[in-house]
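Shown next, in structure tokens, is the structure this report addresses.
Sequence lines set the chain letters: A, B, ... in the order given, protein chains first and strands last, and positions in each chain run from 1.
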There are 2 protein chains.
Amino acid sequence: MTEQTESEKHEKIPAWCAGESWCPVTATANIISKKWHPVIIHRLLDAGSAGFNELKKDVGGVSSKVLSESLEDLEEKGVVKREVISEKPFRVKYSLTERGEDLDDTISSMVEWGRDNLKEAESEEKSII
Amino acid sequence: MTEQTESEKHEKIPAWCAGESWCPVTATANIISKKWHPVIIHRLLDAGSAGFNELKKDVGGVSSKVLSESLEDLEEKGVVKREVISEKPFRVKYSLTERGEDLDDTISSMVEWGRDNLKEAESEEKSII
DNA sequence: CGGCATCCACATGGATACTG
DNA sequence: CAGTATCCATGTGGATGCCG
């Protein structure tokens, strides 16, 4: 790929991507483009923090395995923070890092967009067709 | 923060989700949670419109098959609009619908977040570890 | 140019059971 | 409570080739 002999138009690929092999959109997408990631982050933004099963309930419909994997993934990416708050009755607490909380804008706009467009889409869809 | 008596915590699941089986975050996530969707939308936001191969180049690294599937998917979801602008030299034009353009907030915040967090993350990552 | 058809590899995630 | 361990079904996407 990257054959730029033909047009210059493609040289432009907006400033933030120019010359670099990575792209903010793609990079961010890699983080939130997993089925449960956005919801998990959203729930944590809302609750502040939560235990494993608590979060599992809040998210709704996710299996232990997947939630576990997702949290681990988000932790690696510096978005989620995991703390063991008690050993005897073993308890952990998941919360967002600052970086994770900065995703508020993105998540919020997703919520907003969803509310504005998808909700009506469901009903419109049936009447339009 | 926001520590409640853990019992009433679960009943609440924010207003916009209460009692309903769907959730704006999840719904929106279903639309942008495919590998190339965010980038495609972003490129269209930036370029206004583009032909198939043009878009393919701008996106970068996507195969015809996947781009085709993605566009079809986004079209079904009312985010992307496809117009045949010429039959003889066969040409189409992809652009965003209004609904698609409304995703600007989301995509922009993703870009911003990516620039702020991921870029530095790459270099920090190495110095921190 | 703008795709679709195929094949195939691997990622993702659901169900279920079990553990410290 | 907070996960792991399996197994398996499906999703997702890359490579390649062909077609109108």
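- Under 4.0 angstrom from either OP1 or OP2 of C/dG3 there lies at least one side-chain N or O belonging to B/Tyr94.
- When rounded to the nearest whole Å, the span between CZ of A/Phe90 and P of D/dT4 equals 9 Å.
- For the pair B/Leu74/B/Lys34, no side-chain contact is recorded, criterion being any heavy-atom separation below 4.5 Å from C-beta on.
- At distances below 3.5 Å, not a single donor-acceptor pair connects side-chain atoms of B/Ser49 with backbone N or O atoms of B/Lys93.
- Regarding A/Lys34, its NZ atom lies at a distance of 13 Å from the P atom of D/dG13, rounded to whole Å.
- Along DNA chain C, the nucleotide nearest to B/Ser64 and the one nearest to A/Lys35 differ in position, and the one closer to the 5' end is contacted by B/Ser64.
- The distance from atom CD of A/Glu54 to atom P of D/dC1 is 10 Å, rounded to the nearest whole Å.
- With C/dC1, D/dG14, C/dG13 as the choices, the nucleotide that has an atom nearest any side-chain atom of B/Val66 turns out to be D/dG14.
- Using a 4.5 Å cut-off on side-chain heavy atoms (C-beta onward), A/Leu96 and A/Val79 make contact.
- Checked by distance alone, A/Lys65 brings a side-chain donor or acceptor within 3.5 Å of a matching partner on the base of C/dG14.
- Note that the CZ atom of A/Arg99 and the CG atom of B/Leu118 stand 7.0 Å from one another [nearest 0.5 Å].
- Mapped onto DNA chain D by nearest heavy atom, B/Ser33 and A/Glu72 fall at different nucleotides, with A/Glu72 at the one closer to the 5' end.
- With rounding to whole Å, B/Ile31 atom CD1 is found 14 Å from D/dT12 atom P.
- The side chain of B/Phe52 approaches C/dG2 more closely than any other nucleotide in the set C/dG2, D/dA2, D/dT12.
- Between D/dC1, C/dG14, D/dT12, one nucleotide has an atom nearer to the side chain of A/Trp36 than all others, and that is C/dG14.
- Closest contact between the side chain of B/Arg91 and the listed nucleotides D/dG13, C/dG2, C/dG13 involves C/dG2.
- When distances run from any side-chain atom of A/Arg82 to the nucleotides D/dG3, C/dG3, C/dG14, the shortest one goes to D/dG3.
- Listed candidates were C/dG3, D/dA2, C/dG13. Nearest to the side chain of B/Ser68 is C/dG3.
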